[in-house]
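Comments concern the structure below.
Computed from heavy atoms alone, side chains included, the values below leave out hydrogens, waters and symmetry copies. Position 1 is the first residue of the sequence, and the numbers go up from there.
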Amino acid sequence: MPSTSAYEPVRPQEPEPVRPTSQDEVARAGSELIGGPVGRRVLYAASWWTPVRVIALVAIGMFALGMVQKLPCYNGAWFFGPSSQYTHACYSDIPHLYQGRGFADGLVPYFDKLPGDMEYLEYPVLTGVFMEVASWVTPGSGSTQHQEKIYWMVNAGILMACVAVVAVCVTRTHRRRPWDALLVALAPALALTATINWDLLAVAFTSVAMLMWSRSRALAAGVLLGLATAAKLYPFLLLWPLLILCWRAGKWREFGSVLCGTAGIWLLVNLPVMLFAHDGWSKFYSFSRERPVDFGSFWLILSQRMDSPLSTETVNVLAMALMLLACLAIGALGLTAPRRPRFAQLAFLLVAAFVLTNKVYSPQYVLWLIPLAALARPRWRDFLIWQACEVAYFLGIWMYLAYTTSGDAHKGLPTEGYQAVIVVHLLGTLYLCALVVRDILMPERDMVRRNGDDDPSGGVLDSAEDVFVLGAEAGPARPTARSTALPAVKWGSATELPR
């Protein structure tokens with residue numbers, strides 16, 4: 001008698017994951033630490049140690065190392081000596097704002113005025129909710145310093161969950177390239193900056209939104225993007241590359257779903273505070289407009305070197321003009337490229353443009369770019385070069401603040417040295433942007449497309465036909481001079497070519 005298994009339907013075999021050690025020289029060399037490159041006979045999904053679990057645990061481990069790096073400040077540098085927290089490079093906004101923004105006194109964000117120069121909390125609504133919930137968990141007994149340390153620890157615990165979410169989402173966004181998420185999990189800048197501020201909340205929402213879009217769930221992606229925008233301003237920028245790509249592919253219905261979801265949930269989160277505490281709600285936007293040129297931007301270099309620095313209003317206008325020009329350039333690139341760019345590529349370029357043109361660059365802003373960089377340019381050498389530049393900037397800003405707060409001792413990095421590390425940060429980001437642009441113009445050099453894929457993070461855009469293209473008509477990828485053996489994927493075809 002035949003077994004019941006004989007009557008079970010035959011399921012199509014899942015394509016094997018792409019092995020980075022077979023494509024990336026740095027990944028191959030690094031794999032020697034754990035036994036060498038993956039072989040041909042590896043059994044995928046035959047162990048509990050799946051890529052998602054491994055990468056999530058690695059990300060949590062790196063986050064924990066970042067907490068250890070903050071230990072000198074936790075043990076007292078946050079509270080004693082004006083420059084100690086800078087010389088140890090362990091500064092964080094979180095413990096200082098527990099007292100400085102009224103959470104220790106039970107003040108309600110946006111509704112209650114704050115003592116001092118900052119009348120209301122200067123963060124978007126969802127971040128304010130995050131900060132308030134963490135203050136509820138923080139015990140009100142003990143000294144102020146003890147409460148601030150516990151408040152930082154509570155926030156760090158929630159931010160660790162955000163890191164795990166980001167790692168899982170990046171792992172699953174490109175189905176056949178889960179190991180690219182190790183770029184996120186092992187990013188040194190993530191470990192160093194994760195607990196400086198609350199940016200990881202918006203990064204987590206954005207990562208889930210991109211995962212939903214890659215699964216063709218446009219409305220869910222829009223809702224999550226709206227939540228991300230309610231936590232930080234930058235995620236709404238992703239609507240521009242989606243507009244360009246959906247325009248080129250004729251996917252107007254899907255873009256409309258994302259736009260409605262984003263606008264609807266953002267309004268739902270903000271409207272109660274907007275109506276009943278408008279002055280507090282608007283503080284984030286007025287503070288962003290009135291904030292003078294600050295750390296990390298090329299505007300700071302200009303202001304420090306000019307005899308008559310530009311006014312804040314002038315810098316606002318010029319920065320906005322540069323950002324609009326960048327948007328137009330990225331839009332033109334998306335509509336004229338020989339093949340429709342991948343969503344992650346344009347998303348990275350636009351957020352990077354915002355970082356480069358903004359009048360301030362706080363060290364934790366690198367968190368915005370890390371997941372996008374891993375999806376846009378999954379190549380270890382280039383990613384690590386960029387990360388080295390960001391680590392240099394991370395150390396440079398604290399050494400500069402140590403110099404400015406150490407009085408006549410001048411311990412740290414002088415102004416000229418700080419300007420140099422700003423240039424290093426700018427050049428590192430521009431370097432990665434240039435490589436992404438090259439991949440768009442020469443798609444045969446794109447690591448993701450070398451295996452026959454089109455746009456794994458594109459959802460409805462993946463393998464879709466073009467309906468609107470500017471310039472020359474899109475065609476198959478051109479072979480490079482270095483190698484003519486790279487696969488050329490027929491545009492608009494879902495059939496995968498042999499690898």
Using side-chain contact (heavy atoms from CB on, under 4.5 Å), reason through Trp299 and Leu318 one step at a time and then give a plain yes or no.
CA-CA 10 Å; Trp299 300 106; Leu318 293 176; 3.5 Å; yes

Any donor and acceptor pair, going by atom type alone, linking the side chain of Gln147 with main-chain N or O of Gly140 inside 3.5 Å?
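Yes, the answer is positive, given that a donor and an acceptor are paired below the 3.5 Å cut-off.
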
Is it true that a side-chain atom of Glu290 and a backbone atom of Phe287 form a donor plus acceptor pair closer than 3.5 Å?
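It does not hold such a pair.
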
Determine all donor-acceptor pairs shorter than 3.5 Å in which one atom belongs to a side chain in residues 164-174; sequence neighbours excluded.
{"residue": "Thr171", "atom": "OG1", "partner": "Ala167", "partner atom": "O", "Å": "2.6"}
{"residue": "Thr173", "atom": "OG1", "partner": "Cys169", "partner atom": "O", "Å": "2.6"}

Could you tell me how the ring of Phe348 sits relative to the ring of Trp386: parallel (under 30°), tilted (30 to 60°) or perpendicular (over 60°)?
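Perpendicular, since the angle between the ring planes exceeds 60°.
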
Got a sec, which pairs hit ring pair (Phe, Tyr, Trp, His ring centres under 6.0 Å) with one end in residues 222-242, sequence neighbours left out?
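For residues 222-242, and leaving out neighbouring residues, the ring pair (Phe, Tyr, Trp, His ring centres under 6.0 Å) pairs sorted by first residue read Tyr234-Trp368.
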
Whether [Y] and [X] form a salt bridge (side-chain N of Lys/Arg under 4.0 Å from carboxylate O of Asp/Glu) is what I want to check.
X      : Y      : result
Arg289 : Glu313 : no
Arg340 : Asp455 : no
Asp453 : Arg175 : no
Asp454 : Arg449 : yes

Decide side chain to side chain donor-acceptor pair (under 3.5 Å) for Gln419 and Gln304; before the verdict, give the C-alpha distance in whole Å, the side-chain angles of both, and the deciding distance to 0.1 Å.
CA-CA 9 Å; Gln419 292 174 357; Gln304 290 178 340; 2.8 Å; yes

Taking atom OH as the centre, does Tyr285 end up with more than 12 heavy-atom neighbours from other residues, nucleotides or ligands that are less than 6.0 angstrom away?
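More than 12 within 6.0 Å, yes.
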
Hey, what do you get for NZ (Lys283) to OH (Tyr110), rounding to the nearest 0.5 Å?
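Here the rounded value is 12.5 Å.
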
Any Val125 side-chain heavy atom under 4.5 Å of Phe284 side chain:
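In short, these two side chains do not touch, never coming nearer than 4.5 Å.
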
